[in-house]
Amino acid sequence: MRFLLLLIVVFLFFNSSKKHMISKYHFSDVIIEPILEDSINIRAIEVDTDFMMYAGSEGKYGYYKIKKGFQFEKRNIENISYEDKVPNYRAIASNATNFFILSVESPALLYMINKKSGKATLVYKEDHEKVFYDSMIFWNDKEGIAMGDPTDTCLSIISTRDGGESWNKISCDDLPETKEGEAAFAASNSNIAVVGDKTWMISGGMKSRVFYSPNKGKTWKVFETPLTQGTSTTGGYSIDFYDEKNGVIYGGDYTKPEMNDKNKAITTDGGITWHLVASGSGAGYKSCVRYIPNSKNQGMIAVGSSGISVSHNNGTSWKNISDTGFYTIRFLSDTIAIAAGKNRIAKITFIK
């Protein structure tokens with residue numbers, strides 16, 4: 001009898017804790033506080049414990065010191081042009097000492113910027129009529145990866161093993177072959193997700209698949225997705241993983257922002273299989289999706305030009321909580337995030 005009572009108490013405790021956790025992320029509104037207002041489009045932001053960094057159009061980039069209470073102190077705003085070209089930066093990543101910005105079109109330019117001095121150094125350059133880089137991320141302080149559209153028979157993937165001092169392009173002999181019209185979208189610097197040594201990348205266009213590496217880019221496999229695809233504007237735009245098993249992909253068709261059919265899917269087996277969620281209901285096209293920290297893979301936020309949407313049940317249903325458009329978002333805590341879009345960066349506070 002005493003054992004039965006103990007089981008009941010334990011069940012009630014964990015059930016109550018789970019309900020409390022879920023209810024915590026039933027966000028119904030947001031507070032939007034401007035950090036930066038400019039004439040540039042910003043699709044690439046990065047945050048760590050000390051800095052918020054961004055890169056955008058017109059060759060502009062900058063960074064802020066994150067102070068107590070998630071206040072922001074402007075450290076630097078710069079403009080980098082290369083010869084007679086003004087780069088458009090849409091990828092950003094960081095390690096302990098530097099952050100890195102990567103431009104899209106030829107010549108693709110990858111700069112390393114020291115967080116203390118602000119000094120910018122060109123560490124990679126690629127000339128090709130088809131070059132177009134989309135996203136970048138670091139596994140650790142020494143190793144990082146960036147991906148882009150095919151210039152040959154595979155996705156363009158470059159990596160560093162020396163903290164970003166040098167970058168090398170992976171041969172198509174070592175990568176899965178892409179299908180005709182398969183590429184990626186430089187919409188939010190969220191085409192790549194990493195957990196530990198594992199890496200996932202989402203492609204889009206005529207074919208939308210997930211490319212997976214278990215060993216920090218040394219070997220690769222590719223898995224099919226059920227997302228809408230078949231035209232140059234369809235497919236997956238963003239990917240995120242809560243842990244090694246649970247992940248989400250989101251996209252649609254940016255030319256049809258209201259279309260919500262086959263635009264979001266989840267995995268529970270590490271990306272091998274993907275299952276549509278809320279197909280034909282909820283939010284339409286979004287350019288960036290992120291799990292809410294500490295939500296036990298139940299909470300998600302998706303942003304796009306049409307506004308901000310939230311799911312509290314692993315993507316099964318979605319609710320729009322703001323019509324303010326953003327291209328990309330990154331969390332600072334489980335209720336505070338940084339979002340960027342056309343002409344602005346803002347601090348977003350989520351409230352019940």
Side-chain angles (χ1 to χ4, degrees), residues 11 14-15 17-27 93 135-140 143-145 147 155 157 159 175-176 184 188-204 208-229 235-251 262-279 282-283 286 288-303 309-318 329-331 333-334 337:
F11 172 79
F14 281 105
N15 193 48
S17 297
K18 184 176 180 181
K19 286 182 178 179
H20 174 73
M21 180 274 296
I22 293 174
S23 65
K24 181 181 178 181
Y25 303 108
H26 277 235
F27 300 138
S135 189
M136 179 167 49
I137 200 168
F138 270 72
W139 293 287
N140 52 53
E143 299 170 292
I145 187 172
M147 63 89 74
L155 291 176
I157 300 178
S159 64
L175 293 170
S188 59
N189 190 44
S190 60
N191 306 78
I192 313 173
V194 300
V195 177
D197 293 348
K198 298 182 177 180
T199 310
W200 299 265
M201 302 188 307
I202 182 70
S203 66
S208 187
R209 301 185 293 172
V210 169
F211 293 74
Y212 167 69
S213 171
N215 48 22
K216 291 186 286 191
K218 294 180 177 66
T219 61
W220 294 87
K221 295 180 180 179
V222 61
F223 303 117
E224 300 290 330
T225 80
L227 294 181
T228 183
Q229 50 201 284
Y237 281 70
S238 183
I239 185 169
D240 196 24
F241 267 75
Y242 188 84
D243 52 34
E244 291 187 352
K245 295 296 184 182
N246 295 282
V248 58
I249 48 179
Y250 206 121
K262 298 180 180 179
N263 68 325
K264 35 201 174 307
I266 62 169
T267 182
T268 57
D269 59 12
I272 299 171
T273 59
W274 294 86
H275 310 282
L276 291 171
V277 289
S279 183
K286 299 293 183 185
C288 187
V289 65
R290 280 291 178 266
Y291 281 101
I292 300 170
N294 305 314
S295 66
K296 305 296 184 182
N297 76 267
Q298 294 300 299
M300 301 175 186
I301 294 290
V303 302
S309 294
V310 60
S311 172
H312 63 267
N313 50 18
N314 200 20
T316 302
S317 62
W318 292 82
I329 189 167
R330 297 294 184 274
F331 277 92
S333 72
D334 52 9

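Residues take their numbers from the sequence shown, with the count starting at 1.
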What's the spacing between N313 CG and M300 CE if we round to 0.5 Å?
-> 8.5 Å
Backbone N/O of G247 and side chain of Y291: donor-acceptor pair under 3.5 Å = yes
Please round to the nearest 0.5 Å and tell me the distance separating atom CD1 of I301 and atom NZ of K286.
-> 10.0 Å
Going from CG on N314 to CG on N246, what distance comes out if it is rounded to the nearest 0.5 angstrom?
-> 6.5 Å
Spacing of D243 atom CG and K296 atom NZ [to the nearest 0.5 Å] = 10.0 Å
V222 and Y212: side chain to side chain contact (heavy atoms under 4.5 Å, CB included), yes or no, with the steps?
-> CA-CA 6 Å; V222 61; Y212 167 69; over 6 Å; no
Heavy-atom side-chain proximity of K216 to N140 below 4.5 angstrom = yes
Which atom names give the shortest non-hydrogen contact between E224 and W274, and what distance separates them?
-> O-CD1, 3.6 Å
Answer yes or no: are there more than 12 heavy-atom neighbours, outside K221 itself, under 6.0 Å from its atom NZ?
-> no
How far apart are the C-alpha atoms of S295 and D334, what are their side-chain angles, what is the distance that settles it, and do they pass the side chain to side chain contact (heavy atoms under 4.5 Å, CB included) test?
-> CA-CA 8 Å; S295 66; D334 52 9; over 6 Å; no
Determine, step by step, whether N215 and D197 satisfy the side chain to side chain contact (heavy atoms under 4.5 Å, CB included) criterion, reporting the C-alpha distance in whole Å, the side-chain angles of both residues, the deciding distance to 0.1 Å, and the verdict.
-> CA-CA 5 Å; N215 48 22; D197 293 348; 5.6 Å; no
S238-S190 side chain donor-acceptor pair, cut-off 3.5 Å = yes
Quick one: does S213's side chain have a donor or acceptor within less than 3.5 Å of a partner on T219's backbone?
-> yes
If the plane angle is over 60° it's perpendicular, under 30° parallel, otherwise tilted; pick one for W200 and F241.
-> parallel
Quick one: CD1 on I192 to OG on S135, what's the gap to the nearest 0.5 Å?
-> 4.0 Å
Looking only at atom types and distance, does a side-chain atom of S311 sit under 3.5 Å from a main-chain N or O of G299, one as donor and one as acceptor?
-> no
What pair of heavy atoms forms the shortest contact from W139 to V194, and how long is it?
-> NE1-CG1, 3.5 Å
CG on L276 to NZ on K262, rounded to 0.5 Å = 7.0 Å
Look only at the side chain of S203 and the backbone of R209, and say whether a donor-acceptor pair between them is shorter than 3.5 Å.
-> yes
Do you know the tightest heavy-atom contact between L175 and L155?
-> CD1-O, 3.6 Å
Could you walk me through whether I157 and F211 pass the side chain to side chain contact (heavy atoms under 4.5 Å, CB included) check?
-> CA-CA 11 Å; I157 300 178; F211 293 74; over 6 Å; no
Are the side chain of K264 and the backbone of A278 linked by a donor-acceptor contact shorter than 3.5 Å?
-> yes
Mark yes or no for whether N189, through its side chain, and M136, through its backbone, hold a donor-acceptor pair below 3.5 Å.
-> yes
On a heavy-atom basis, the closest approach of G282 and W318 is CA-CB, 4.2 Å
Measure from the side-chain N and O atoms of T267 to the backbone N and O of T273, and report whether any donor-acceptor pair falls under 3.5 Å.
-> yes
